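As structure tokens, the structure follows; a few thoughts come after it.
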Amino acid sequence: MIELIPNSDPLGLPVPASILLALKVFGFILHMIFMNLWLAGLPVALLLLHYRRRAAERLLTAMPFFMAFGINAGIVPLLFMQTLYPQFFYPATILQAWFWFVVIPLLLIAYYGVYLAAFGRFRFIAALAASLLLTWIGLTFSAAMSLTASPEKWPAIFLSTADAGSVHGIFLHLSMETLLRFLLMVGMACGTVATFLVLDAEWFKRDADYRAEIRSLAPLLYAVGLIIFGAAGSAYAPTVLGKLPPVWSYLAGASMPLGASLAAAYWRWPRKGIALALGFVHLIVLLSNAIARQIVQFHDLQKWVDLEKIPVRGEWGSFFLFAATLVLVIGMLTWIVRTVLSHVRSNA
Amino acid sequence: MDYPAWYVPFITAPMLIPLVAIPHIIVAQFAVGGGFLLADLVRRAYRDRSQGLLDYLKGLARIFTLVTIVFGAVSGAGIWWTIGLTSPETTSALIHIFVFGWATEWAVFVLEIASAFAFYYLWDRLTPREHVALGWIYAVSAWVSLVLITGITAFMLTSGSWSPEKGFFTAFFNPSFLPQSLIRTGGSLAIAALAIGFHVAFHHEQQPWRDTVIRTISQWALLGMILIAIGGLWYLFALPEHVRLNMIRAPALLIMMALNFAVTLVVIAALAWGYVQGSRWITPPSALLLLLVGAIAVTTGEFVREGSRKPYRIDKYILAPGVRVQEVGAFQKDGLISHARWLNYYLGQRPTDRPKRERDVLIGEAVFRYHCASCHALSGYNGMKPLIQPWTTELIREAVRNLHRTNPAMPPWLGSEAERQALAAYLVRLNREGK
């Protein structure tokens, strides 16, 4: 079986693996925040269209921004994934080639659906189509990442999908692990949407009706998220607990109930302090789960490749180019955000 | 050849790349050039206090945002997606050389999105100074993004003095980087001018600001055409010998090159005429025709660049079947199958009690999938069946033996003598089926 795992790229790693892993996790967290907002935000907006119109409207209007930044941030973990683990990532996606390839056209359709819904055209149908497509894309990602970390499954899949030695690519790795990983993300996504709505109601859109809607909606949404997260987690956790240091297991598992408690507290005391605490705790939910996923992936793949043994080229020149550009971009983004906020607030 | 091959009938897996890449390049060039044109037009609108022009530009910016932020971003990621599936060795090599170039492009792209959103969504709320500044921030960040990607694509065509021991900057500043950057910058300005010309042709016939729009976009486009002319000449001198040979020898590339040259001249002439004539020049049919001509220019240019690169995926480093140049000797000595781990595993699982001739055909077909199918379908794109249809059995065997001598775009034979005979046996069977 080991014979199917390709060699590491002969060019070696550009910088030490620890830096690449840190950047991968950083990008994944950024991506996760926005991806959560569309993954749960679209179905929630659809459900709320007739009951809590203001919240639905707010979510649908903001959705194109979530999509733009979420897709953009998604590039980062994929880039570093392909730098660290190309020998696992490429075979896993090639075995599912057609499903992986159609992510791009499906994403395009979903993205335009989101814009149609935001502009109020064919709102229900467009948002429903986008929501279904984005859910499918999420499952495809979950399938790709699960198979990437499970090379022991490759030979059987390969032999059943190969003709004359090459694969036809019509296969999707929909295992129990894939579904559980996806449901964990859906649970967190409900919490992320609830947290966004609370922060939005407290800081950006402060009309009383909207706040009243959010006050009752956020705890309910967070509680639904906790139930999904808890149910999927109780089935998934036994398979990964041995791979995780206890601190990350506790943080990843226990931060979500704390977030749900804060969302419930917001229903009783809708104040900025509680909203801020919820935002902070939910950030820990996302951070701890993203890091826990990275640790599990690292553990699973460590059996097959020791990243420490891959030679490092020391591409420090281009690394500093990136770091300097990032600092410059953050500076300019700060100016843009300040400009936007000053006009949005003066308009409100 | 460490990865499984994905077999796509009729068009071959790598031909999925242009399906995604060509629309992307047209839209991405529109995004870059359009940024400069929009920023300049907004500046002029505020200078002339032309509310009519500002209203028109707001509608244009909406379409621009929808096309570039959505289609441009997703299809850009789509190219990367597709090359990972069809040429994993090449993609891995590019990522290992350019990872921080791509990361830098990501950072710049965040700025591009943020400035584009603020530019459009706060249209009526920004001060003129802020609005114009955001327009220029968008334009410059989109252009930097183009330059960064050009460094990577140019490297695939002309790796210059790069070798695996050398780093990012040697690879990035390769011989065709600057000429290609000039061509793409010029192309971006031209295609954006043609797209805006097309848009304005359907709007507001009697509006006084039409002349401002037409003259402005013509000025930018003419600057673009000058950049294309300088870059194009420089590019021809920067190309390696085998690329020039490919361009001359392959009829399809020669036709595409001639077409590219002709349509570029047409666009230059039309834009110059437009500059002289102002808004009278632009009518819906002429604008549509010119936009199509511009799209043909981009498409043919990309086709020539991609087609002339063969037999390499990355110049002097990776050959079309995904084999590093330095590994060729080992492949020829030990055989392709022993180096293609997935193929080796597959054949190891097949029954071995078949007659030799049948087993040869089976091995030959498998070798075809890994050695040839990245450029040749059976029927369809570069189809083998029609190609070898008039060949005799001896000619097939000779052609396989002297692969790279039959055509400089072909890689050398990358297998053992036994594998060569197996491939010939498979092709002979194909040849008979075709008759």
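Throughout, protein chains are lettered first and strands after them, A, B, ... in sequence-line order, and every chain is numbered starting at 1. What you see is a predicted model; the values in this text were computed from it and never measured.
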Q | Atom pair CD1/OG1 of A:I104 and B:T82 - distance to nearest 0.5 Å | A |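 Here the interatomic distance stands at 6.5 Å.
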
Q: Would you check, one step at a time, whether the test side-chain contact (heavy atoms from CB on, under 4.5 Å) holds for B:R125 with A:V344?
A: CA-CA 9 Å; B:R125 302 187 212 173; A:V344 169; 4.1 Å; yes

Q. In terms of heavy-atom pairs under 4.5 Å, which option from A:G27, A:P10, A:G169, A:A73 contacts chain B the most?
A.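 Looking at each of A:G27, A:P10, A:G169, A:A73 in turn, A:P10 comes out on top.
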
Q | Heavy-atom pairs under 4.5 Å with chain B, option from A:F158, A:W100, A:W335 with the top count | A |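 Result: the option with the highest number of such pairs is A:W100.
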
**Q.** Side chain / backbone / both / neither for B:Y370 at chain A, heavy atoms under 4.5 Å
**A.**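 Contact with chain A is through the side chain of B:Y370 alone.
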
Q. Side chain, backbone, both or neither: which part of A:F65 has a heavy atom under 4.5 Å from chain B?
A.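 Looking at A:F65, backbone and side chain both touch chain B.
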
**Q.** Residue A:F119 versus chain B: region with a heavy atom under 4.5 Å
**A.**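 The side chain, not the backbone.
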
**Q.** Matching residue for B:W106 among A:T325, A:L326, A:L79, A:V329 - test: side-chain contact (heavy atoms from CB on, under 4.5 Å)
**A.**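 Exactly one pass, corresponding to A:L326.
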
Q: Report yes or no: does A:H343 contribute a side-chain atom to a donor-acceptor pair with the main-chain N or O of B:L126 at less than 3.5 Å?
A: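 Judged by distance alone, no pair lies under 3.5 Å.
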
Assess the pair [X] and [Y]: is the distance between their ring centroids shorter than 6.0 Å?
{"X": "B:Y346", "Y": "A:W154", "answer": "no"}
{"X": "B:W81", "Y": "A:F101", "answer": "no"}
{"X": "B:F168", "Y": "A:F319", "answer": "no"}

